[in-house]
Structure formats: structure tokens, C-alpha cells
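Notes follow once the structure below has been shown.
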Amino acid sequence: MDLQEPLPPGEKLTDLLEQLFRNVREEFVHEGRVSSQAFEPAPDDEGLLSVDRSSLTLAKASFELFLKRPNCLSAGVMSVTVQECEQLETPALENPLQDNAAHAVADFRDHNRSQRKKRAGKLRDLAELRGWSHEKP
Amino acid sequence: MANERPHLSPRFIGPRFEKHSIPVELLPDLLAYRDLIREVAKELFKRADPTRKRVPRGFEAAFRLSLKDVGEGSAVAQMVNDVSEDYNAEIIEFAPYFERAKAAVDETIKSATVAGDGKIPADFPVRLLTNFGKIGKNLKEGESIDFGYAGEQSEKVRYTDAVRRALVLFGSDEIEGLIDIVGRVTGIINDPEPRFTIKVDGASVVSGPYESGSQDDIIKAFRQKATHSLRVRGSGVYDRQNIVLRILEAKDLELLDEREVQTLKASKRIDEMTKLPSRWCNGAGEPLSKEAADWAVGILREVLAESSVPVPYVYPSPSGEVQFEWRAEGAALDVRANPTTKRAELSAYGQDWDEDKDFDLGADQINALREAVANLVLRLNSHSN
């Protein structure tokens, strides 16, 4: 997960209405439609999907921080809520990083590959309904 | 034979050259390379003696390339400076200018490679940069010419289309190159010569000439422009942003309906996955190999052979798979095709259902995959209705 040594995730986030920002890689946008992979932990992510908490940062700041990492081209930031993660059994957990206090994760670890893909697709569907929180200028 | 000056052995690298042969359409590149060295040598001679406006008679005879053989590796054009007919003292005198010119051309090429410093060497006249436009114009993606080749240990002077573009655009706002565009034919003009205009997707209208043999295709494309696009392959002129400004030659024309256009775009998107940077997704993910991309395009076309299946959205995956995704409101069908294992994983969901299937495409389960996709697309459509 990301470039820093991952720390164990902490407590569940409790504000169900809090939005969780997710940077969507340019590679995961085709003709304006977002791939489910944008909300699926990558092979090296150990089942944890990185997000940023709206109570601690802004979508634009999340976007700008993402761009500072190598090979990270973001098409923009979408968001889901803590409640939506809870309903899809991918609970949102605290996971602050040294350079990003707003960092949290959605926990997919209880699910196999097939279940992860479908849950990621459903998170994507919810995020698309909400629209871009911040779009690449 | 004694009067053959040092060898030049440009090495052509890429799938087209693996049989140790060079397609004839690339031979003009060698001619353009020779001409460029001659032009640089002339300039060096005049710089050495500013009182001279012209080079002496017989100057060019000191550099006369002949293709003697095509060797292995992928294909090496073994050329000699064949001055045996009129070898004389002048040739001995002028030869160093050509050797220096060859070095200047090679250094200029190296300066424009990824590892280069971007500085044009002092021996190379900047006004001649546009001459690189004629060298490598017919090189395809993944092909290159090593102009420094003299055996495996030689220093590489790797010339690609990207190097060609960088050099020409250093001295000009436009560059000629191969084109492969799709658009709607918006007009036909017959005065003074047959020309057509075409509105390219996401770009402005461009125009170009067409041969009389293509007239029927052009007229058909114009009449059916509401429903059909024309794919044009040939040559054209690009600007610095790699946008086609005009068509120079419309060689191959193909009339496409909307589904064929979308299929072509999805196929090109898979081809683009060969250009992804290494570790493109959080430190994971490699670009697809050409073979992997071709395989994935083949799978896509096989699935789309069922006409009821719409063209999916297409994405790369950090696991090296290609993802095909069909969408409906609250439902989706996801196929991950793996070029390494030759397997495909299908997963689908709606509001109150889901489905998973695996296919061994290496064991010829493509028909089963096509059928499963067609059935699930129907289900997605009924879901959203």
C-alpha cells in the first residue's frame, strides 16, 4: 500500500457520513467511465484500499498529494462514505501515515478475489453516482 | 575491393526484420541517411574554408554507399563506401569530412535519445535537423535502427520514430509521419484535384488528396457519414502535439460502422498498454508485451463476434491482465483476461445476484466465454430496464 511501510490499521471510523476520498488513476478511466479496479486493492495492497478522510483533508489536497508520488497520474478524486464501506463489509479504518494524517483504509481482507472485485464495483457505482469530488484540471 | 572505405552497418531492429531481411520501403531511409551525411560534410568543408561557397568537384564522390549484403541480427544492412571506380588523392583528402559528418549525425541522434543530453553537437548544422524527417518515416512502433552497429560491443546509436520526431520538431513546427485516423467524411472537392475533408474524433477537420481508384469509397463514406466513419491509413503531417494537420497520402481506406469504430478504439487502447511505465500502479504493474496485447485484442474480437455484445470498457490491471467491463445501472460484468495463463475470470453482479466463472482460453473455451458474456449482457440490460 502506497510507498511507505504499511502500519497496521487502527480503529473503525465512526462518523458514518464522513466521506472517504479515493484518487482514480488515469489508467482506470475509459471514455469517462471508471473501472471497478479504482476501488479494488492492488496486489501489493494486502487487501487494504487507501482513502483520505474528508474530516482531515480536502479532495483537492488529496489529489495534489497523490501526484507527488512516482508514476501517479490521477484523473481526479471520487468519494464513498464510511457507511457505504460498512454496508459492503469493507469497513473503514484509521491508518494515518507520516506524510498524510488523513490516510485511512477500507478493509477488504475478509474477502476472496472474486468478492473483492464485486465489492469494488459496487463502491465504484456509489462513487460515480456522487460524481467527482475533485476532477483533474 | 581495396578501395572500399570503412563499413557502415545500420542494424534494423524489430519483428519485421527478424528474418534478416529489410523491406524495400525502408531503403529510401538509407539513401536519406547518406544524403544527410553528405550535406553535413559539405557544411564542414565550407566552415573549414569560409572563402569557398561551394565544395570542389568530385567532393560527393568520396562518399558513395553501396548495399553489399543483409546480415543477421535482426537485419544488418552491410554497406561500404564504394569509391573503387575513381579512387584518387582527392578522395583521400575529402574522406575525413565524411567521417566527421557521420560522427556528427550519430552524436545528434544520441543527443535526442532518452539517455541523451538534448544538445546538438557543434559539427551538426541546425538547419539540417529537418532532414531527419526522411529517415525512419516508415519505422513502426517497437522498431529502431542502430546506426552505430559494428558488432555486439559497439556503441549504440539507436534511432526510433520518437528520436526522429524530437530532432525534426527541434527545427520545425511540423513533421511527416504515418497516419491511422478515423473520422466522418465531411466534404469532397474535385477542383483542381480530387480531395476530401474528414472530421477526426476529438480533432479538427483535416483534408487530403485521394486517388481516383478510391473515389467510390470516399463517396460512400460521405453519403453514409451519419452512421459510418472512414479509417484512413497512409501518411500525413503532424504538429508538435502529435495532431494530424493534413493528409499527404490516403493509402488504405476502410468504411466502419459505429460498433467497428468502438472496437478499433478499444483495440488501440489495449495496444497503448504496451507503453505503460514499469511499476505503474503503486509500485506494481508492468507494460503489456506486444504478444500479450495482440492476444488480448484477439480475445476481445472473439467475444465481439457475437453481435449482441456491445464493446466493453477496457482497462489495464496491475496483475498483467486486461479488464473488459460492461456496465448497467447497479450492475456490472467484469472479465479479466490473463495473457500469461491464457485464462479469463468472469464476475458479474446486480442488485440481488452475482455470478463467477473461469475459462481456460488456452483449452479453446473462447466459445463458452462468448456465450457467457452474451447471456450476462442480456441480464444486465434487463436489469437496467
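These numbers were taken from a predicted model, which means no experiment stands behind them. Chain A is the first sequence line, chain B the second, and so forth, proteins listed ahead of strands; every chain is numbered from 1.
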*Can you name the residues of residues 75-82 of chain A that have some heavy atom under 4.5 Å away from a heavy atom in chain B?*
none

*Among the options A:C72, A:A42, A:P43, A:S36, pick out the one with the most heavy-atom pairs lying under 4.5 Å from chain B.*
A:S36

*Pair A:E31 + B:R327, salt bridge at N-O below 4.0 Å*: no

*Which residues from residues 257-276 of chain B are near chain A, with near meaning under 4.5 Å between non-hydrogen atoms?*
B:Q262, B:K265, B:R269, B:L276

*Before accepting this row, confirm whether a basic side-chain N of the pair A:K117/B:E321 lies closer than 4.0 Å to the acidic partner's carboxylate O.*
no

_Ion pair B:D334/A:K118, N-O distance below 4.0 Å_ = no

*Is the number of heavy atoms from other residues, nucleotides or ligands within 6.0 Å of NZ (A:K60) greater than 12?*
no

*Could you tell me which residues satisfy ring pair (Phe, Tyr, Trp, His ring centres under 6.0 Å) with A:F63, sequence neighbours excluded, listed by chain and number?*
A:H134

*asked:* When you compare the side chain of B:S347 with that of A:R113, does any pair of heavy atoms fall below 4.5 Å?
replied: no

*What distance do B:E355 atom CD and A:S114 atom OG have between them, rounded to the nearest 0.5 Å?*
10.5 Å

*Looking at B:S319, B:C281, B:S278, which one has more heavy-atom pairs under 4.5 Å with chain A than the rest?*
B:C281

_Contacting region of B:A284 [heavy-atom separation from chain A under 4.5 Å]_ = both

_Under 4.0 Å between a side-chain nitrogen and a carboxylate oxygen: does that hold for B:E325 and A:R33?_
no

*When you look at CZ of B:R240, are more than 12 heavy atoms from neighbouring residues, nucleotides or ligands closer to it than 6.0 Å?*
yes

*So, for B:P316 and A:E27, which heavy atoms are closest and what is the spacing to 0.1 Å?*
CD-O, 3.4 Å

_Taking ring-ring contact (aromatic ring centres under 6.0 Å, His included) as the cut-off, I'd like each qualifying pair that reaches into residues 299-341 of chain B, sequence neighbours left out, listed once._
A:H30-B:Y313

*Please say whether more than 12 non-hydrogen atoms of neighbouring residues, nucleotides or ligands are located less than 6.0 Å from NZ in B:K199.*
yes

